[in-house]
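Remarks on the structure that follows.
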Amino acid sequence: MSRILDGNDPRTILHAAERLGAGDIVAFPTETVYGLGANALNEKAVVKVFAAKNRPEFDPLIVHIGDKDAASPYVTALDPRARQLMDAFWPGALTLVLPKRPVIPDLVTAGLGTVALRMPSHPVALALLRAVDFPIAAPSANPFGYVSPTTAVHVRDSLGDAVDLIIDGGPCHVGVESTVCALTEHQAVLLRPGGVALEQLESVIGPVRPGEPTQTDRRSPGTLLSHYAPRVPVLLLKPGAALPRPEAGERLGLLSLTPRSDARGYTRTEALSQDGNLLDAAAHLFAALRRLDAAGLDRVVIESVPETGLGRAIMDRVRRAAARD
Ligand code: AMP
Ligand code: MG
């Protein structure tokens, strides 16, 4: 059974840093979701991450660093936009895709000529990154394709024995994965909406082109159509549409932005926020999806949220939760 250790205890950080240095994998908290980390410069350690998650090797990992200055050994160039974005949003929920240096193994980047870099803001993640002398490659600490973990218990529930050590840093306060922005073309491209809103990026570097989320987009394989998916079938409700009534004997669940009084006959309901705040909604999304998935339902109805700010990341996740391959 995996052990959950308190991330606020300095001994936990030292122990985890030793394990990572020895080539083991460790789950740790970030402000977005929990990550499953390995020494990014050690291929044998990185292989363990892919194996534990059952993650296909065409899906590249994000490389985490503990300081802005730590980026330059891993990238060939840091253009002015990269510096502006790092200054505005690091540490934080923004991942930058930049041309890579050979020191980053091809396994980490799925053979791409670019590397995805992020400096997280969670104090436990930063303490861990600063306790090691290598960058940490870490995807979300969940089986490939399933709902991402936002607590240490989520990690244990879904990865079980595949990871020995889980560092507990409390619930993730952003709750959705980082925004992934590529700076490899003339215009910046949004490869994945996430914890930093598109509007925020554009306020710093001007127009950012949305990437097309297709199943075959090799530039950002994490943008597969079906992802973040609970086992229970999901019906995504169009904005403003009436709630479907449960069929006879049907155990129906509802995930709504705010509490609804018209969910008659529903077996279980979850509201993401009391007042429609999209930051709260993002923070609660994955835990609510997991509770609904565990409730023995036949189907879950998910209400659409406005696609502004963090609403873009929320809708991206729920669309893919609703997609079946
Ligand atoms: P996660 O599974 O949350 O760790 O997110 C990793 C995602 O970041 C991948 O699935 C890709 O979408 C994106 N990513 C990582 N590295 C790259 C890269 N070199 N180029 C483009 N996208 C990347
Ligand atoms: Mg993931």
Side-chain angles (χ1 to χ4, degrees), residues 1-39 45-56 59 61-62 64 120 122-129 131-132 136-178 195 222 227-232 253 255 268 270 282-297 300 317 321:
M1 192 59 173
S2 50
R3 280 178 310 153
I4 297 184
L5 297 182
D6 178 8
N8 294 316
D9 183 339
R11 288 171 302 182
T12 299
I13 302 298
L14 280 179
H15 177 58
E18 269 170 28
R19 300 304 335 143
L20 289 168
D24 287 343
I25 56 177
V26 170
F28 65 99
T30 81
E31 70 279 19
T32 60
V33 301
Y34 274 68
L36 185 61
N39 176 352
V46 174
V47 164
K48 294 180 190 171
V49 171
F50 281 94
K53 279 182 61 83
N54 203 9
R55 184 176 174 114
D59 196 355
L61 307 183
I62 293 172
H64 297 76
H122 194 296
V124 172
L126 284 177
L128 184 63
L129 285 161
V132 296
I136 298 179
S140 48
N142 56 310
F144 182 71
Y146 190 62
V147 182
S148 298
T150 53
T151 67
V153 170
H154 290 165
V155 178
R156 186 166 64 189
D157 285 351
S158 49
L159 283 182
D161 289 336
V163 54
D164 293 332
L165 178 57
I166 302 169
I167 308 178
D168 190 352
C172 303
H173 75 263
V174 175
V176 290
E177 292 82 352
S178 59
H227 212 72
Y228 312 106
R231 283 171 283 266
V232 59
L255 182 63
R268 171 132 197 177
E270 293 273 354
H284 299 142
L285 175 66
F286 287 141
L289 272 176
R290 280 172 182 261
R291 283 193 297 272
L292 288 164
D293 207 17
L297 302 167
V300 169
R317 305 306 185 269

>> Do Pro143 and Asn54 make a side-chain contact, defined as non-hydrogen atoms from C-beta onward lying under 4.5 Å apart?
In response: no
> Hey, what do you get for CZ (Phe28) to CG (Leu36), rounding to the nearest 0.5 Å?
Replying inline: 8.5 Å
> Just how far is it from atom CD1 of Ile136 to atom CD1 of Ile25, taken to the nearest 0.5 Å?
Replying inline: 12.5 Å
> How long is the span from the CG atom in Asp157 to the OG1 atom in Thr151, to the nearest 0.5 Å?
Replying inline: 7.0 Å
> What is the distance from atom CG of Asp168 to atom CG of Asn8, rounded to the nearest 0.5 Å?
Replying inline: 8.5 Å
> Can you name the nearest heavy-atom pair linking Ala27 to Ala141, along with the distance?
Replying inline: CB-CB, 4.3 Å
> Atom CG in Leu5, atom CZ in Arg11: separation rounded to 0.5 Å?
Replying inline: 9.5 Å
> Which heavy atom in Ile13 sits nearest to a heavy atom in Ala131, and how many Å separate them?
Replying inline: CG2-CB, 3.9 Å
>> Less than 4.5 Å apart, side chain to side chain, heavy atoms only: is that true for Ser178 and Ile62?
In response: yes
>> If I take atom CD1 from residue Ile167 and atom CG from residue Leu128, how far apart are they, to the nearest 0.5 angstrom?
In response: 5.0 Å
> Taking all atoms of both residues into account, what is the closest heavy-atom pair of Pro230 and Val147, and its distance?
Replying inline: N-CG2, 3.8 Å
>> Taking side chain to side chain donor-acceptor pair (under 3.5 Å) as the criterion, tell me which of Arg317, Glu177, His154, Arg290 meets it with Ser148.
In response: Glu177
> Is there side-chain contact between Val132 and Asn39, with at least one heavy-atom pair below 4.5 Å?
Replying inline: no
>> Quick check: closest heavy atoms across Val155 and Tyr34, and the distance to 0.1 Å?
In response: CG2-CB, 3.6 Å
> With Arg291, which residues qualify under salt bridge (charged side-chain N to carboxylate O under 4.0 Å, His left out), at least two apart?
Replying inline: Glu270
>> Quick check against the 3.5 Å criterion: does Glu31 have a side-chain atom that pairs as donor or acceptor with the backbone of His173?
In response: no
>> Minimum heavy-atom separation for Tyr146 and Asp293, please, with both atom names.
In response: OH-OD2, 2.7 Å
>> Quick one, Thr32 and Pro120 - any side-chain contact, counting heavy atoms below 4.5 Å?
In response: no
> With sequence neighbours excluded, what pairs up with Arg156 under the salt bridge (charged side-chain N to carboxylate O under 4.0 Å, His left out) test?
Replying inline: none
> Do Lys53 side-chain atoms and Ser140 backbone N/O form a donor-acceptor pair below 3.5 Å?
Replying inline: yes
>> For Thr12 versus Asp6, what's the shortest heavy-atom pair and its separation?
In response: OG1-O, 2.7 Å
> Run the side-chain contact (heavy atoms from CB on, under 4.5 Å) check on Val46 and Leu61 step by step: do they pass?
Replying inline: CA-CA 9 Å; Val46 174; Leu61 307 183; 3.7 Å; yes
